[in-house]
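Predicted, not measured: the structure shown is a model, and the values here were computed from it. Proteins come first, then strands; the chains are lettered A, B, ... in the order of their sequence lines, and each starts at number 1.
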2 protein chains.
Amino acid sequence: MSINDLFKALSDENRRKILDLLRNGDMTAGDIAHHFEISKAGISQHLSILKNAELVYAVKRGQFVYYSLNATVFQEVLKWIIQFNSNKLEEK
Amino acid sequence: MSINDLFKALSDENRRKILDLLRNGDMTAGDIAHHFEISKAGISQHLSILKNAELVYAVKRGQFVYYSLNATVFQEVLKWIIQFNSNKLEEK
DNA sequence: TAAGTAATTAAGTAAATACTTAAATAATGA
DNA sequence: TCATTATTTAAGTATTTACTTAATTACTTA
């Protein structure tokens, strides 16, 4: 996982929508796909990118794969962003 | 400016490096370009994307264009990210 | 006014990205 | 075992992106 993979993963609207959905709790790949117009395969590819960026966990249970948020990694992005806002505060 | 433009702007390594440079103070387009291997035109295009996302301000003074950070817009990203981390805290 | 400098815009290109459909893998249950 | 369901992987394609060089615009100063 790199900060670049992270920002790249977050740069797609559909992937951000997936993350938003997962805020309400774990979901299977299929459940996630139902919320989109694009194909299940397309969603699977987006999930793979999110998984590689470690923004989500994937756990297989039976024939389903459950996806959940990994809040830890969001903190990496938070740290990056905060650098810019803290400067603003110092100026005041 | 949209949250999408914002994340798209942040998804490029060179653009994030430009923002990092600007943390140390305002710089002209030329000064910025000196820190990169790519052409001045390439940097100008990156600056244009950052400007459209409102991540930077551009002010022309004489024949120079001075670029500076717009910390306000970083807060938009901050807000988006914090949604995910606040959930984490609630769980604890 | 003409030459030089700073920066952007235009036009073209190679690589990356987001999708598609079809095929493969894996688990379930009649 | 075989058909069904969930998901991923493969292969192909259209669009977007990040660059390049050349031309243009705007300003400065000799």
Side-chain angles (χ1 to χ4, degrees), chain A residues 1-22 24-70 77, chain B residues 1-22 24-70 77:
Chain A
M1 188 272 296
S2 73
I3 194 84
N4 195 50
D5 291 337
L6 242 131
F7 275 109
K8 279 264 192 298
L10 292 176
S11 72
D12 181 85
E13 205 135 42
N14 283 333
R15 286 195 292 271
R16 288 198 306 280
K17 189 176 161 189
I18 290 174
L19 295 173
D20 261 330
L21 286 172
L22 291 174
N24 300 318
D26 301 5
M27 293 174 81
T28 68
D31 285 343
I32 293 168
H34 281 135
H35 289 79
F36 293 86
E37 308 246 298
I38 69 175
S39 68
K40 263 170 98 85
I43 292 298
S44 189
Q45 287 156 11
H46 282 307
L47 287 169
S48 164
I49 288 165
L50 291 172
K51 201 169 56 182
N52 278 313
E54 295 179 44
L55 284 161
V56 300
Y57 296 117
V59 176
K60 181 153 192 171
R61 200 144 54 223
Q63 67 190 141
F64 298 90
V65 177
Y66 287 84
Y67 283 89
S68 57
L69 287 177
N70 176 11
V77 188
Chain B
M1 185 272 296
S2 73
I3 194 86
N4 195 51
D5 291 337
L6 243 141
F7 276 109
K8 280 264 192 298
L10 292 175
S11 72
D12 181 85
E13 205 136 42
N14 283 333
R15 284 195 292 269
R16 288 198 307 279
K17 189 175 162 190
I18 290 174
L19 295 173
D20 261 331
L21 285 171
L22 290 176
N24 300 319
D26 302 3
M27 293 174 81
T28 67
D31 285 343
I32 293 168
H34 281 134
H35 288 81
F36 293 86
E37 308 246 298
I38 70 175
S39 67
K40 260 173 98 85
I43 292 298
S44 189
Q45 286 156 10
H46 281 308
L47 288 170
S48 163
I49 288 164
L50 291 172
K51 201 169 56 180
N52 278 312
E54 296 178 41
L55 283 160
V56 300
Y57 296 116
V59 175
K60 182 151 191 172
R61 199 145 54 224
Q63 67 190 140
F64 298 92
V65 176
Y66 287 85
Y67 283 89
S68 57
L69 288 177
N70 176 12
V77 188

Identify each donor-acceptor pair in which a side-chain atom of residues 55-62 of chain A lies under 3.5 Å from a protein atom, sequence neighbours left out, and give them as a table.
| residue | atom | partner | partner atom | Å |
| --- | --- | --- | --- | --- |
| A/Tyr57 | OH | A/Asn70 | OD1 | 3.0 |

Could you list the donor-acceptor pairs under 3.5 angstrom formed by side chains in residues 26-33 of chain A, with sequence neighbours left out?
| residue | atom | partner | partner atom | Å |
| --- | --- | --- | --- | --- |
| A/Thr28 | OG1 | A/Asp31 | N | 3.1 |
| A/Thr28 | OG1 | A/Asp31 | OD2 | 3.3 |

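Scanning DNA chain D 5' to 3' for nucleotides with an atom closer than 4.0 angstrom to a non-hydrogen atom of chain B gives a first and last hit of D/dT17 to D/dT28.
The side-chain hydrogen bond (donor to acceptor under 3.5 Å, both in side chains) search around A/Asn14 returns none, not counting sequence neighbours. Remark: A/Gln63 engages no residue in a side chain to side chain contact (heavy atoms under 4.5 Å, CB included) (not counting sequence neighbours). Contacts of A/Asp20 classified as side chain to side chain contact (heavy atoms under 4.5 Å, CB included), with partners at least two apart in sequence or in another chain: A/Arg23, B/Trp80, B/Gln83, B/Phe84. Remark: A/Ser2 engages A/Asp5 in a side-chain hydrogen bond (donor to acceptor under 3.5 Å, both in side chains) (not counting sequence neighbours). With sequence neighbours excluded, no residue satisfies salt bridge (Lys or Arg N to Asp or Glu O under 4.0 Å) with A/Arg15.
Across residues 9-20 of chain B, B/Asp12, B/Asn14, B/Arg15 each have a non-hydrogen atom less than 4.0 Å from an atom of DNA chain D (numbered order). Against DNA chain C, the stretch residues 27-46 of chain A makes heavy-atom approaches under 4.0 Å through A/Ile38, A/Ser39, A/Ala41, A/Gly42, A/Gln45, A/His46. Residues of residues 51-67 of chain A that place a heavy atom closer than 4.0 Å to DNA chain D, in numerical order, are A/Gln63, A/Phe64, A/Val65, A/Tyr67.
Look at CG on B/Leu50: it is 15 Å from C1' on C/dT8, rounded to the nearest Å. Between A/Lys8 atom NZ and C/dA15 atom P the separation is 16 Å, expressed in whole Å.
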Determine, stepwise, if the pair B/Phe36 / B/Leu21 fulfils side-chain contact (heavy atoms from CB on, under 4.5 Å). CA-CA 11 Å; B/Phe36 293 86; B/Leu21 285 171; 3.8 Å; yes
For side-chain contact (heavy atoms from CB on, under 4.5 Å), just list the numbers for A/Ser48 and A/Asn52, CA-CA rounded to whole Å, side-chain angles, deciding distance to a tenth of an Å, and then say yes or no. CA-CA 6 Å; A/Ser48 164; A/Asn52 278 313; 3.7 Å; yes
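Nearest heavy atoms, A/Ser11 versus B/Asn4: O-OD1, 3.9 Å. For the residue pair A/Ser68 and A/Leu22, the shortest heavy atom distance occurs at C-CD1, 4.3 Å.
Rounding to the nearest 0.5 Å gives a distance of 5.5 Å between CD1 of A/Ile18 and CG of A/Leu50. One distance of note links NE2 of B/His34 with NZ of B/Lys40; it measures 6.0 Å at 0.5 Å rounding. The CD atom of B/Gln45 lies 9.5 Å from the CD1 atom of B/Ile43; values are rounded to the nearest 0.5 Å.
No donor-acceptor pair under 3.5 Å is formed between the side chain of A/Lys8 and the backbone N or O of A/Ala53.
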Dot-bracket, 5' to 3', for DNA chain C please: Watson-Crick or G-U pairs under 3.5 Å, [ ] where pairs cross earlier ones, | where the partner sits on another strand, dots elsewhere. ||||||||||||||||||||||||||||||
